[in-house]
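Below is one structure; the comments refer to it alone.
Numbers restart at 1 for each chain; the letters A, B, ... are given by sequence-line order, proteins then strands.
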Protein chains: 2
Amino acid sequence: MQTTGDQHLVKKINKTIVLEAIKKESPLSRAQLSEMTGLNKGTVSTLVSELIEEKLVYEIGLGRSSGGRKPVMLLFNKTAGYAIGVDLGVRYLLAVLTDLDGKIVSERQVELERSEAGYVLPVLANTVRSLADAAPDSPYGVVGVGIGVAGIVDDKGTVLFAPNLEWRQVELQRLLAEELELPVTIGNEANAGALGEMQYGAGQEASDLVYLSVGTGIGAGIVVGGRILPGTGGFAGEIGHTTIEQNGRKCSCGNKGCWEQYASEKALLEAAKPLGVERLGKLVELAESGSTEAIRLFHEVGESLGLGIANIVNTLNPDLILIGNQMTRAEPWIRSSIERVVTSRSLPFHRKQAQIRFASLDTHSTVLGSAYDAISAFFSKDRISL
Amino acid sequence: MQTTGDQHLVKKINKTIVLEAIKKESPLSRAQLSEMTGLNKGTVSTLVSELIEEKLVYEIGLGRSSGGRKPVMLLFNKTAGYAIGVDLGVRYLLAVLTDLDGKIVSERQVELERSEAGYVLPVLANTVRSLADAAPDSPYGVVGVGIGVAGIVDDKGTVLFAPNLEWRQVELQRLLAEELELPVTIGNEANAGALGEMQYGAGQEASDLVYLSVGTGIGAGIVVGGRILPGTGGFAGEIGHTTIEQNGRKCSCGNKGCWEQYASEKALLEAAKPLGVERLGKLVELAESGSTEAIRLFHEVGESLGLGIANIVNTLNPDLILIGNQMTRAEPWIRSSIERVVTSRSLPFHRKQAQIRFASLDTHSTVLGSAYDAISAFFSKDRISL
DNA sequence: AAACTTTGTATATCGGTTAAACAAAGTTTT
DNA sequence: AAAACTTTGTTTAACCGATATACAAAGTTT
């Protein structure tokens with residue numbers, strides 16, 4: 001059944017609360033911690049001294065007095081360990097080494113010439129190892145590796161299907177964990193992006209947000225009450241394949257009228273072919289130089305994006321929609337079309353609460369979210385997830 | 001900040017676990033409880049004796065021995081109190097009195113001649129009072145009133161907008177709580193339906209389900225991990241106004257191509273007008289008597305329903321979709337169309353996990369869900385929500 | 001210099017769980 | 001039928017963590 005309660009649980013809860021507070025609001029004194037958490041001063045003292053023992057927190061010195069003894073200020077020891085985040089994309093692999101606060105220490109980008117698992121896996125493992133070697137000495141070393149994959153991943157870390165990589169049934173988690181001898185977490189690319197933006201980017205104030213990864217296809221990372229919505233099998237978010245036109249354009253999934261046939265980068269580039277444009281950067285340049293045709297194409301794709309976003313807004317009533325991945329680069333050209341269509345197609349009460357923004361971590365949402373996944377797994381060992 | 005942990009919290013957690021276990025699996029002995037919850041025998045003993053003290057549990061006598069002392073069997077005292085659930089619909093009001101286990105003890109149905117709050121509220125209050133008077137004597141009496149409204153309700157129990165009732169900004173929770181001097185909970189009709197089916201109906205095994213209230217419009221109660229997904233403002237689920245056809249039929253919301261213009265009871269009856277049919281029952285009769293035209297209409301509406309359901313399946317990866325409200329009556333005529341379209345339009349992995357069923361409580365999903373809402377509020381006072 | 005404030009630790013108490021012992025009430029074996 | 005074993009449920013002691021309170025340390029203000 002459920003986890004029952006005992007003193008250990010209580011301690012876990014409180015210790016997590018204290019650590020989380022230090023992470024977010026530091027520098028902080030024990031007295032302030034007691035004040036803001038509601039925990040007794042003595043309790044905070046013992047928990048903090050344990051955290052110091054564990055090298056997760058340290059004292060930075062005395063703070064300003066407000067009419068009495070000076071407080072001892074505490075800081076989260078962000079370099080107590082390091083994490084590795086990977087974005088396993090279509091023809092590339094982006095990997096970063098971060099400290100426990102998500103700050104990038106080192107970065108690698110690798111072009112993937114082929115996509116079979118037999119080729120990709122060794123490259124991936126080598127890249128990760130090279131980053132791990134680059135990690136500074138620290139009490140905990142590399143605490144884990146998080147990987148975001150553009151595909152359907154189950155809760156055991158098996159890639160069930162990744163259309164762009166042409167992978168089926170690849171037991172990524174098991175294979176990598178064995179190879180690297182490190183804790184490995186596997187997640188969907190859009191979910192990782194959502195996590196990344198929520199922790200380190202534009203989604204830090206939102207609790208119900210939807211991160212849209214708009215690239216070759218469209219995937220969504222749905223966050224409800226601060227947590228990723230996984231769905232039963234762990235593959236919620238395949239929103240690119242929702243129908244917005246009953247008898248619309250054919251999709252690779254075998255269906256007709258899928259949203260991503262109208263609103264993805266791929267759809268945009270398809271429409272831009274007559275202009276002799278093959279890459280998004282090129283189309284942006286054209287728009288910048290005043291090409292009305294290019295601008296029209298952006299407006300069209302913006303409208304299609306807006307339509308699907310309005311559907312999300314009506315269904316999930318989020319407070320924030322974040323547009324991420326490649327399409328962030330088109331922000332100046334699509335923003336107003338999106339806003340307009342969302343306003344016209346969503347219900348007033350829902351529209352009022354929903355902000356629409358672009359991912360602030362740019363191309364790094366997924367990679368940082370993956371790193372956070374690893375960090376989070378490390379912390380949840382003897383802590384509780386809030 | 002968050003709730004910190006102490007012994008009281010631990011006790012709350014464990015007591016809730018024990019009570020919940022007795023509710024669901026009774027009759028049960030203390031030894032069995034200890035076994036299944038993992039709690040120590042002594043702990044279970046003290047918790048159970050408190051629950052007995054509180055009249056929520058009682059001993060029914062000795063059970064079968066399995067080679068030792070006979071166990072004392074415990075039962076949940078479902079008549080320790082009663083709850084009232086109300087479904088505030090378009091031209092009617094359905095209200096039930098239930099025991100704490102959701103069993104209906106008494107029922108009232110009232111036709112509403114007019115829809116203004118000034119008319120409806122007194123009728124509602126009188127109906128509730130009459131049901132409350134009908135409640136048998138019990139330790140806790142009527143523990144609360146839950147109301148499901150076909151409209152947008154905020155988290156404070158104010159009906160922001162109910163198109164069919166033509167209500168705007170009606171502070172239902174406050175007004176009723178003052179009038180009735182009872183705890184009142186207000187919820188959306190589809191959310192209540194989802195709760196009802198999840199607790200007492202076809203959704204008891206599912207943890208990620210979507211209840212579709214298909215009537216005049218289409219609303220969804222989305223359940224994620226056993227909990228209603230509220231959205232930021234509390235009005236998630238307005239899925240009837242998602243676009244499935246970019247330039248489709250005009251909708252009362254001012255938009256074009258809304259799902260409910262194709263898949264609701266209203267849409268069906270609109271299409272049935274040429275047949276001289278004005279009510280769903282009539283159309284069902286026609287289909288039963290073999291009218292190919294009527295059957296065709298059902299197939300069409302089934303296909304439209306299937307399309308939107310496929311969108312839900314791809315987006316949320318639920319394990320169960322429940323079709324409720326009026327459209328349940330059309331099950332034999334629409335089921336296969338729905339299944340077919342969902343299968344063709346949703347992704348294989350998602351489809352495999354998603355069952356599609358019809359609400360098993362029929363017209364009582366909402367009213368029972370509302371009652372459960374009230375029961376749940378009563379229990380969460382000195383317990384924790386699991 | 002005296003009085004007040006704030007910080008952080010130490011100590012006693014409290015409330016809850018657990019483990020272990022045990023009594024009560026069975027069944028099985030001989 | 002007695003002895004041996006089993007199962008149930010209570011009791012007791014020990015433990016653990018939080019809280020309240022007192023207090024020491026280290027400031028600031030008057």
Side-chain angles (χ1 to χ4, degrees), chain A residues 1-19 21-22 26-53 57-74 382-384, chain B residues 1-19 21-22 26-53 57-74 382-384:
Chain A
M1 281 199 79
Q2 304 94 329
T3 30
T4 55
D6 62 358
Q7 316 95 306
H8 297 90
L9 178 73
V10 170
K11 189 161 189 180
K12 259 188 179 180
I13 293 173
N14 293 339
K15 201 163 173 181
T16 310
I17 289 175
V18 167
L19 182 59
I22 298 177
S26 65
L28 228 47
S29 69
R30 291 171 175 78
Q32 282 175 292
L33 278 168
S34 168
E35 174 78 12
M36 63 190 285
T37 60
L39 290 166
N40 183 279
K41 288 197 294 174
T43 309
V44 170
S45 262
T46 52
L47 293 177
V48 165
S49 64
E50 282 184 33
L51 289 168
I52 290 177
E53 191 85 11
V57 165
Y58 62 97
E59 302 183 330
I60 192 159
L62 298 179
R64 284 263 295 276
S65 157
S66 60
R69 172 174 164 181
K70 286 183 176 171
V72 179
M73 303 315 280
L74 303 167
D382 40 21
R383 272 160 206 85
I384 212 163
Chain B
M1 283 201 77
Q2 305 94 329
T3 29
T4 55
D6 62 358
Q7 315 94 309
H8 297 90
L9 178 74
V10 170
K11 187 162 189 178
K12 259 187 178 179
I13 293 173
N14 293 341
K15 201 164 172 181
T16 309
I17 289 175
V18 168
L19 181 58
I22 298 177
S26 64
L28 226 48
S29 70
R30 290 169 176 80
Q32 283 175 292
L33 278 167
S34 168
E35 174 79 13
M36 62 190 287
T37 61
L39 289 166
N40 183 278
K41 288 198 295 175
T43 309
V44 170
S45 261
T46 53
L47 293 176
V48 165
S49 64
E50 282 184 34
L51 289 168
I52 290 176
E53 191 84 9
V57 164
Y58 62 98
E59 301 182 332
I60 193 159
L62 299 178
R64 283 265 294 275
S65 157
S66 60
R69 173 173 163 181
K70 287 183 177 170
V72 180
M73 304 314 279
L74 303 167
D382 41 22
R383 271 160 207 86
I384 213 165

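Taking atom NZ of residue B:Lys11 and atom P of nucleotide D:dA18, one finds them 18 Å apart after rounding to whole Å. Between the NZ atom of A:Lys70 and the C1' atom of C:dT5 there is a distance of 15 Å, given to the nearest Å. Rounding to whole angstrom units, CG of residue B:Leu62 and P of D:dT6 are separated by 22 Å. Regarding A:Leu47, its CG atom lies at a distance of 16 Å from the P atom of D:dC16, rounded to whole Å. Rounded to whole Å, atom P of D:dA18 lies 14 Å from atom NZ of A:Lys12. Taking atom CG of residue A:Leu28 and atom C1' of nucleotide C:dG8, one finds them 14 Å apart after rounding to whole Å. Across the protein-nucleic acid pair, A:Leu9 atom CG and C:dT18 atom P stand 11 Å apart, rounded to whole Å. The nearest whole Å value for the distance from the CD1 atom in B:Ile52 to the P atom in D:dG9 is 10 Å.
An OP1 or OP2 oxygen of D:dT19 is reached within less than 4.0 angstrom by a side-chain nitrogen or oxygen of A:Thr43. Contact annotation: B:Asn14 side-chain N/O to C:dG16 OP1/OP2 distance is not under 4.0 Å. The side chain of B:Arg30 places an N or O atom within less than 4.0 Å of a non-bridging phosphate oxygen (OP1 or OP2) of D:dT10. For A:Asn40, a side-chain nitrogen or oxygen approaches OP1 or OP2 of D:dA20 to under 4.0 Å.
Distances were taken from every side-chain heavy atom of B:Gln7 (C-beta onward) to each of C:dT17, D:dA18, C:dT7; the shortest belongs to D:dA18. Considering only side-chain atoms of B:Arg69, the nucleotide from C:dT7, C:dT17, C:dA25 that sits closest is C:dA25.
Judged by Watson-Crick or G-U wobble contacts below 3.5 Å, the nucleotide D:dA14 has C:dT17 as its partner. D:dC23 is paired with C:dG8 under the criterion used here, namely a Watson-Crick or G-U wobble arrangement in which both key atom distances are under 3.5 Å.
Counting any heavy atom pair closer than 4.0 Å across all strands shown, A:Ser45 reaches a base atom. Residue contacts shown for A:Ser29 are limited to sugar-phosphate atoms, with no base heavy atom under 4.0 Å away. Using a 4.0 Å heavy-atom cutoff across all strands shown, A:Val72 reaches sugar-phosphate atoms only and no base atom.
Mapped onto DNA chain C by nearest heavy atom, A:Ser65 and B:Glu50 fall at different nucleotides, with A:Ser65 at the one closer to the 5' end.
In this structure, the side chain of B:Ser34 engages the main chain of B:Leu39 through a donor-acceptor pair within 3.5 Å.
For the side-chain contact (heavy atoms from CB on, under 4.5 Å) criterion with A:Leu51, the lone passing option out of A:Leu74, A:Val18, A:Thr46 is A:Val18.
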